[in-house]
Amino acid sequence: MSYSNTDLLHLKDFYQNQLLQDTVPFWFPQSIDTIHGGYLLMRGQNGDLIDDDKSVWFQGRTAWLLSTLYNTIEPKQEWLDGAKSGIDFINQHCFDTDGRMFFHVTREGNPIRKRRYYFSETFAVIAMSAYAKASGDEVVAEQARHLFGECIKFSSTPGLLEPKYTGERPSKGIGSPMIMINTAQQIRETIGDPRCDEWITKWIAEIENDFVKHDIECVMEQVAPDGSIIDHIDGRTLNPGHAIEGAWFILHEAKHRNNDPHLIELGCKMLDYMWERGWDKEHGGILYFCDVYGKPVQEYWQDMKFWWPHNEVIIATLLAYTMTGNEKYATWHKMIHDYAYSKFHDKENGEWFGYLHRDGSVAQTAKGNLYKGPFHLPRQEWYCTQILNEYLEKTMKHENQIM
């Protein structure tokens, strides 16, 4: 199938309306903690608060979202004020004395848990950079650049962070270069940083050289330090939606680099490989885990459908279609879009359920927890709106020139 410009215009309106009339109103303004600052995001099906603890990931992610809405949709004071609440809470409560960040805190900001990786820091970077652009606050901008530098150190210095495993079976995950690519892209597009292009090139090369396996047509989730496959259960486990998220980061970079043909090819191959492995041919949707050699997977939730991989695949297929014109990607986009909005979307209360059984039935009704909140879904709806705005503007301008 293919999308006409009229189809794409309707699709753009759909994503924008879902974002602004369904997803964002579910969370705001009720989730802004007017007493202690930050956000209260652990919510049930109808938005009721089920826990008042705070995920540090989501303090950053939510401040990023509100700042980005302010920067790109409309400069609403309520969005800017809401973003500031998150930035202030992060600075007041989410950093340990060693400069590292916590993962889980109480409503008041007392630390509960700290993890051995730096994803809290990367989400703080994108929040601070987007907020600095929105507010013009140069102090926050410099803080974002400093923290970005710390993340570069963490990602490129073996042994700097406490290891989770012994040295018996060394490995590395695709998550680190992936999240750093997106972090660098975000800071580059908001406040700028001269380190971004060089490091993005390095991280893409690492993914291409070590994680993308053209001979068996897959993208590994983790590999040995030399890029070889670790033939044990953990080493063989694939996460198709996560790899496809990496694919759209690379396609986004290709667009930034004047539609770099090599990066377009790389991103599309990653999407192709992992669609084939991840799409559930019996029930539809994206499987959460699978084994690179088709063996049984260890995790007991391996065949469930989680919300966020579907957000990433919606983005990747639409981006691939608008960049290549390949009708295969339009077909895939319609398949994943129709599945996700028919199964995950709560038409009565708004937002999406997070967790489905393989057959598409709802596994549990919470809309927010330590890992789910206003990020993957609103980012998808916002980014797809941006993609389609840009594509339609360019297409219509070209058609007018021909006429």
Side-chain angles (χ1 to χ4, degrees), residues 12 15-29 31-32 38-39 41 55-91 119-138 140-141 143-145 147-148 151 179-193 196 245 248-249 251-253 255-256 308 311-312 314-316 318-319 351-352 368 372-390:
K12 184 210 77 169
Y15 287 130
Q16 183 165 294
N17 288 337
Q18 284 296 124
L19 174 67
L20 298 178
Q21 298 176 23
D22 186 290
T23 304
V24 170
F26 178 87
W27 297 103
F28 306 110
S31 295
I32 297 172
Y39 315 106
L41 301 168
S55 160
V56 175
W57 281 16
F58 269 98
Q59 301 307 299
R61 285 170 157 182
T62 306
W64 171 84
L65 173 66
L66 290 168
S67 298
T68 299
L69 294 175
Y70 181 92
N71 288 331
T72 62
I73 302 295
E74 184 181 349
K76 288 186 176 182
Q77 190 64 40
E78 65 198 73
W79 287 342
L80 187 62
D81 293 343
K84 185 178 187 301
S85 181
I87 296 296
D88 289 347
F89 186 86
I90 287 169
N91 280 324
F119 288 4
S120 291
E121 285 83 350
T122 62
F123 298 131
V125 170
I126 66 172
M128 291 171 179
S129 58
Y131 176 73
K133 178 179 180 179
S135 64
D137 190 326
E138 281 301 317
V140 175
Q143 186 182 10
R145 294 187 185 101
L147 196 55
F148 177 53
C151 291
I179 202 165
M180 289 305 294
I181 288 168
N182 187 246
T183 301
Q185 288 171 335
Q186 290 295 318
I187 198 170
R188 181 180 63 194
E189 292 167 18
T190 49
I191 59 174
D193 188 294
C196 292
E245 182 181 20
W248 81 253
F249 292 168
L251 289 173
H252 182 89
E253 191 62 24
K255 181 182 284 191
H256 176 79
W308 67 265
N311 297 137
E312 307 312 326
I314 286 172
I315 291 174
L318 184 61
L319 190 54
E351 243 280 350
W352 281 19
K372 184 182 186 299
F375 183 66
H376 288 281
L377 174 60
R379 181 176 72 168
Q380 171 233 301
E381 292 168 342
W382 166 78
Y383 189 68
C384 287
T385 302
Q386 302 297 307
I387 293 170
L388 291 167
N389 269 330
E390 180 183 341

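In this chain, residues are counted from 1 in sequence order.
Taking the side chain as every heavy atom from C-beta outward, H252 and Q185 approach each other to under 4.5 Å. In this structure, S55 and L41 have side chains that are not in contact, with every pair of non-hydrogen atoms separated by 4.5 Å or more. Under the 4.5 Å side-chain criterion, counting only non-hydrogen atoms from C-beta, S135 is in contact with L80. The side-chain heavy atoms of L69 and L19, taken from C-beta on, include a pair separated by under 4.5 Å. Considering only heavy atoms from C-beta on, F123 stays 4.5 Å or farther from Q59 through its side chain.
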Is there a side-chain contact (heavy atoms from CB on, under 4.5 Å) between L319 and K255 once you walk through the steps? CA-CA 10 Å; L319 190 54; K255 181 182 284 191; 3.7 Å; yes

When you look at E312 and R379, which way does the salt bridge (charged side-chain N to carboxylate O under 4.0 Å, His left out) test go after all the steps? CA-CA 9 Å; E312 307 312 326; R379 181 176 72 168; 3.1 Å; yes

Taking it one step at a time, do M128 and I90 satisfy side-chain contact (heavy atoms from CB on, under 4.5 Å)? CA-CA 10 Å; M128 291 171 179; I90 287 169; 4.1 Å; yes

Evaluate the side-chain contact (heavy atoms from CB on, under 4.5 Å) criterion for residues Q143 and N91: first the C-alpha distance (whole Å), next the side-chain angles of each, then the deciding distance (0.1 Å), finally the verdict. CA-CA 10 Å; Q143 186 182 10; N91 280 324; 2.5 Å; yes

Stepwise, does the side-chain contact (heavy atoms from CB on, under 4.5 Å) test hold for F28 with T62? CA-CA 10 Å; F28 306 110; T62 306; 3.4 Å; yes

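In this structure, CG in L66 is found 6.0 Å from CD1 in I32, a value given to the nearest 0.5 Å. Here the CD atom belonging to E381 is positioned 3.5 Å from the OG1 atom belonging to T23, to the nearest 0.5 angstrom. With rounding to the nearest 0.5 angstrom, the CH2 atom of W248 is 5.5 Å from the CG atom of N182. Atom NZ of K372 sits about 6.5 Å away from atom CG of L377, to the nearest 0.5 Å. The distance from the CD atom of Q380 to the OH atom of Y15 is 5.5 Å, given to the nearest 0.5 Å. Between the CG atom of L251 and the CG atom of L318 there is a distance of 11.0 Å, given to the nearest 0.5 Å.
Side chain of Q186 to main chain of A130: no donor-acceptor pair is present (N/O by atom type, distance under 3.5 Å, no hydrogens or angles). Side-chain atoms of S129 come within 3.5 Å of backbone atoms of I126 as a donor-acceptor pair (strictly under, hydrogens ignored). A distance-only check finds no donor-acceptor pair linking the side chain of Y131 to the backbone of A63 [under 3.5 Å]. A donor-acceptor pair is defined here as one N or O able to donate and one able to accept, closer than 3.5 Å; such a pair exists between the side chain of S85 and the backbone of G38.
Here the closest heavy-atom approach between residue R145 and residue G192 is recorded as NE-O, 3.0 Å. In plain terms, the two heavy atoms of F148 and V125 that are nearest each other are N-CG2, 3.6 Å. Taking every heavy atom of both residues into account, G60 and A127 meet most closely at O-CB, 3.1 Å. When all heavy atoms of T183 and I179 are compared, the pair lying nearest together is OG1-O, 2.7 Å. Residue K12 comes nearest to N389 through the heavy atom pair CD-OD1, 2.9 Å, listed as atom of the first residue, atom of the second, then distance. Counting all heavy atoms, side chain and backbone alike, D88 lies closest to K84 at OD2-NZ, 2.6 Å.
Remark: the T72 side chain and the W382 side chain contain an N/O donor-acceptor pair separated by less than 3.5 Å.
Geometrically, R61 engages F58 in a cation-pi contact defined by less than 6.0 Å to the ring centre and at most 45° from the axis.
Side-chain rings of Y39 and W27 stay apart, their centers remaining 6.0 Å or farther from each other. Between W57 and F375, the ring centre distance reaches or exceeds 6.0 Å.
Counted within 6.0 Å of NZ on K133, heavy atoms from surrounding residues, nucleotides or ligands total more than 12; the atom is thus considered enclosed.
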